Amino acid sequence: MPNRQKDDLFQLVKSLGKGEKRNFKLYMQRNSANTELKVIQLFDALDRLDEYDEPLLLKRNPSLAKQQLSNLKASLYRHILASLRLLKDEDNLDLQMHEMLDNARILYNKGLYLQCLKILERLKQVARQHYQFTIVQQAIFFEKKIEAMYITRSIEQRADELADESEMATARLQSVNRLSNLSLQLYSWYIKHGHARNRADEEAVDYYFKSHSPANPAELKGFYEKLYLFQSYCWLSFIKQDFLTYYRYAQKWVDLFHAEPAMIGVETIQYIKGMHNLLGAHYDLRNATRFFEALARFEGFYQSSLVQNNNNYKIQTFIYLYTSKIHRHYLEGSFTQGMPLAREIDHFIEEYGLYIDRHRVLVFYYKIACLFFGGGRFGEAVDYLNRIIHQKIDLRIDLQCYARLLHLIAHFELGNQDLLPYLAKSVYRFMSKMENMSALEDAMFAFLRESLQVPTGALKPKLEKLLNKIKKLEGRRSEARALAYLDVISWIEAKLEGVPAEVVIRRKFKEKLAQHRPGVEPA
């Protein structure tokens, strides 16, 4: 099957909206000679394809010779980017600042040095206001170039001032760089391994954090320094499953943006991720009321023009919003009501698959599988778990392990006795190899192996024994990872009562809400 992911030009063409396509055609009419008509033909041909298929492309368009195709594609790529650059985005600070820098270069090349310096001064003011010190540094470098070569008489002692400004900008950039590296490395660790599996994992991430974090975090003043520090604490506490600390720093992350609302438009993706982590923290702590409030706020943000008018923001917000929508059904025990989300997410992945990383897709599949499992639709759960199991095992090892464990339990629920011995050995071998076993999983495997030899009617005593064993493990942090992925306790209680798991979870949810006064949540 043709792979649309492999061709950059095809992805770019398919990412264009109607207005952008119309703008491209107008741009080509204004700026291109007749010799470039084939570029427009190639654009139309790619736009008509559903998947990138070069032999089919050439067959349908005989005027496009194979020998010319590489050069035509390179030319089309450049023209599309040039046309997009002409579309003004008045709200995009990055484009505005780079336009000012471009204008300064034009004036410099004209020999209009004083005018150039005026633009650079305005540029520095805007950049400092929004903590864009890379732009400040570029502007200062440009100013030094002018002052070193031309007598502008723009200001006395300008050399000393520029030197001081440059040192300050460099120091700020170095600080931001160190903290952004720390945040990225911790996030990368999580993407590869998931939650800490044992004490050795916790000690490793603790050591890395302490050896790379600033000596005096309270002295950090800049927006980006605080942002990356809060992110680093979030990843560290999330890896260690210290959900209270995770919540505190996710809240600081979001509050940082609410204190400076202008930065939401500058670093929109970072704000989206902050809201996602805050929602995740409320979910992990089962702070239902605050979770629902944050979810309503995030859904309102999704409908805003800032998000709806930008494809990137729209895609990222959808991913995190629908993750939290699924979590809402987990909290409420309304698994059956949540099942229609699976169709919406599948449609979204089909439409925007070019722009979603594989990690997000795997997480969606697992969460959807849990929806179906919780609602008693074990066959559909198996279908989604198979999508994970058949993937290359190079990230989220913990997710791969839990997908296999849930897959085994789903087949147990389906009564596939012939498959269970083989699956149990396979899953146990896989998790042991990945060093991903915990006491809870050992207990689950022991129960499943024993259940193969026991008639269905005689399972109750073994289920009660398993429930007592797991409840003793419930308070251990080392077991929190397993319980976060699958509410084993509610599943066992449901088996003992002879009702679907969602009935037990819904009852617990209502009981917990009744224990707290409206608007009051446990910290």
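Just so we're clear, the structure is a prediction, and the values are computed from it rather than from any experiment. Numbers for residues simply follow the sequence, beginning at 1.
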Compute the ring centroids of [X] and [Y], then answer whether they are less than 6.0 Å apart.
X    : Y    : result
F378 : F373 : yes
F301 : Y271 : yes
Y228 : F223 : no
Y187 : W235 : yes
F348 : F318 : yes

Write down the atom of [X], the atom of [Y], and the distance for their closest heavy-atom approach.
X    : Y    : value
Q308 : Y302 : NE2-O, 2.6 Å
A443 : K469 : CB-CD, 3.6 Å
I505 : G333 : CG2-CA, 3.7 Å
F364 : I319 : CZ-O, 3.4 Å
E502 : G375 : OE2-CA, 4.0 Å

Would you check if [X] and [Y] make a side-chain contact, meaning some heavy-atom pair closer than 4.5 Å?
X    : Y    : value
K73  : E54  : yes
R377 : T336 : no
M275 : Y320 : no

Fill in the blank from the handout: Y384 meets the side-chain hydrogen bond (donor to acceptor under 3.5 Å, both in side chains) criterion, sequence neighbours left out, with D346

Practice task
Return the set of residues passing side-chain hydrogen bond (donor to acceptor under 3.5 Å, both in side chains) with E464 (not counting sequence neighbours), or none when no residue passes.
Solution key: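 side-chain hydrogen bond (donor to acceptor under 3.5 Å, both in side chains) check on E464 returns nothing, list empty.
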
Taking only residues two or more places apart in sequence, or in another chain, which ones meet [X] in a salt bridge (Lys or Arg N to Asp or Glu O under 4.0 Å)?
X    : answer
R248 : none
D383 : none
K226 : none

Exercise for the section: Name the orientation class of the two ring planes belonging to F238 and F243 (parallel below 30°, tilted from 30 to 60°, perpendicular beyond 60°). Expected result: tilted

Exercise for the section: Please work out which of the three classes, parallel, tilted or perpendicular, describes the rings of Y249 and Y233, given edges at 30° and 60°. Expected result: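 Geometry flag for Y249 against Y233: parallel rings.
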
Verify the distance criterion only: is there a donor paired with an acceptor across the side chains of [X] and [Y] at less than 3.5 Å?
X    : Y    : answer
Q231 : Q270 : yes
Y52  : Q11  : no
N277 : Y246 : yes
H212 : N181 : no
K508 : S490 : yes
R404 : Q400 : yes
Y283 : R290 : no

Problem - Charged N-O contact under 4.0 Å between E203 and K240 - result: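 Looking at K240 together with E203, the answer is no, because their closest N to O distance does not fall below 4.0 Å.
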
Exercise for the section: Return yes when atom CG of D357 has more than 12 non-hydrogen atoms of other residues, nucleotides or ligands closer than 6.0 Å, and no otherwise. Expected result: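 Yes, CG of D357 has more than 12 neighbouring heavy atoms, counting only those of other groups under 6.0 Å.
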
Exercise for the section: May I have all residue pairs that pass salt bridge (Lys or Arg N to Asp or Glu O under 4.0 Å) and include part of residues 316-326, sequence neighbours excluded? Expected result: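 Qualifying pairs, neighbours excluded: E299-K325.
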
